[in-house]
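Counting starts at 1 for both ligands and their atoms, in listed order.
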Amino acid sequence: MQTLYITHPACHLHEMGNWHPECPGRLDAINDRLVASGLMDFIDEQTAEPATDADLLRVHEPGYIAYLRMHAPTEGYFQVDPDTLMNPHTLEAAWVAAGAGINAVDAVMRQTHRNAFCSVRPPGHHAGPAKAMGFCFLNNIAIAAAYALEKYKLDRVAIIDFDVHHGNGTEETFAGDPRVLMCSFFQHPLFPDHYQDPPAENMVNIPVHAYAKGDELRFLVSDVWMPRLQAFQPQLVLISAGFDGHREDDMGQLGMVESDYAWITEQIVALADETAQGRIISFLEGGYCLSALGRSTEVHIRALAKL
Ligand SMILES: [Zn+2]
């Protein structure tokens, strides 16, 4: 089949308190839409395997991995920062969320599937080599990119991040690495407020003002991302798919709607078809208005699956 859908039951058991927007119900919202729309019948489902330590250590520092293991609670929560907490299932969830990306790299590189969506949490793009933050513990997309570069000896991996927040952990991991081209837009100023201009030549990360709508963002994709991506000729395209730029999502103030997510995904599919034998792996990042998240993820996967 065209598209692989990778998840794991542990991703549903990690939770950070019933007040927290990064909640297990996010995965239910996605699953509900995929089932109700019939789309689930046209994609392959797979259960993620946990990442190995070797997989994590390509991106994260050994002392940080030891810190996470040391502080994983057997009951209650361990607070890493005010909005990032571990419960007794977080460690397993984080490890399989990272492992989903490894499994997806194997699938698209061995060409069992052209592309994959990792429906996982905790998300990853704020996690740095030695730091959990912003609901993220392990940088799932960075771990997948590092694995693809080493295991399959790729020379060029593109990372596209359309979450409303700046993917600061991914940027920190790959800034200055010529094997990776990262393209993003994000609302600015907004959490995590780590953006510096320009951080490195391989970072095409564009701050946008609050209330920017789809037409403005599509222009950035066509006129800024795409020329750089075309010149880079990626062999694999990874997506940090955050849907918190949706107009109904209170976490940010962008004005994206489903048709914008479909359009951006179609542009990425066309690029990957041209340069990367169609290989795309998309990772769930943000998206906190459950209804908008379900609808947006559905159109994103529909575009990946060309349905
Ligand atoms: Zn976000």
Side-chain angles (χ1 to χ4, degrees), residues 11 14-16 19-27 29-30 80-85 93-94 97-98 101 117-128 131-144 159-173 182-195 203 205-214 217 220-221 225 238-258 260-261 264-265 268 282-297 299-300:
C11 293
H14 159 66
E15 53 81 31
M16 299 184 278
W19 56 275
H20 204 293
E22 205 289 278
C23 61
R26 300 177 63 229
L27 298 181
I30 293 169
V80 179
D81 73 21
D83 56 15
T84 309
L85 300 91
F117 181 77
C118 299
S119 192
V120 294
R121 49 182 298 280
H125 74 154
H126 295 306
K131 191 175 183 188
M133 68 177 285
F135 319 161
C136 303
F137 298 89
L138 300 175
N139 195 316
N140 306 321
I141 195 167
I143 290 166
I159 295 179
I160 294 172
D161 187 327
F162 57 68
D163 191 278
V164 76
H165 301 100
H166 174 215
N168 60 295
T170 313
E171 179 176 280
E172 184 183 346
T173 305
M182 180 178 180
C183 294
S184 79
F185 55 71
F186 51 89
Q187 184 181 325
H188 182 73
L190 187 68
F191 179 91
D193 287 324
H194 283 192
Y195 172 69
M203 294 286 141
N205 295 338
I206 311 162
V208 297
H209 62 91
Y211 308 110
K213 289 198 174 68
L217 300 168
L220 293 175
V221 171
W225 287 5
L238 308 180
I239 306 174
S240 270
F243 299 98
D244 40 9
H246 194 285
R247 60 178 293 164
E248 293 173 13
D249 199 304
D250 293 336
M251 200 67 84
Q253 286 78 41
L254 293 189
M256 297 179 74
V257 294
E258 289 87 317
D260 298 314
Y261 291 115
I264 290 178
T265 310
I268 298 170
S282 179
F283 296 79
L284 178 64
E285 300 282 3
Y288 305 98
C289 170
L290 298 185
S291 168
L293 171 65
R295 300 192 313 268
S296 303
T297 308
V299 300
H300 175 61

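- Among the backbone and side-chain atoms of Asp163, an N, O or S atom lies under 2.8 Å from the Zn ion (ligand 1).
- Using cut-offs of 30° and 60° on the angle between ring planes, the pair Phe137 and His14 is perpendicular.
- Without hydrogens or angle criteria, Arg121 side chain to Cys11 main chain gives a donor-acceptor distance under 3.5 Å.
- Each of Glu22, His126, Lys131 was compared with Cys136 under the side-chain contact (heavy atoms from CB on, under 4.5 Å) criterion, and only His126 meets it.
- For the Zn ion (ligand 1), the set of nearby N, O or S atoms under 2.8 Å includes one belonging to His165.
- The closest donor-acceptor contact from the side chain of His165 to the backbone of Phe186 lies at 3.5 Å or more, if one exists at all.
- Looking only at its N/O/S atoms, Asp244 has OD2 as the one nearest to the Zn ion (ligand 1).
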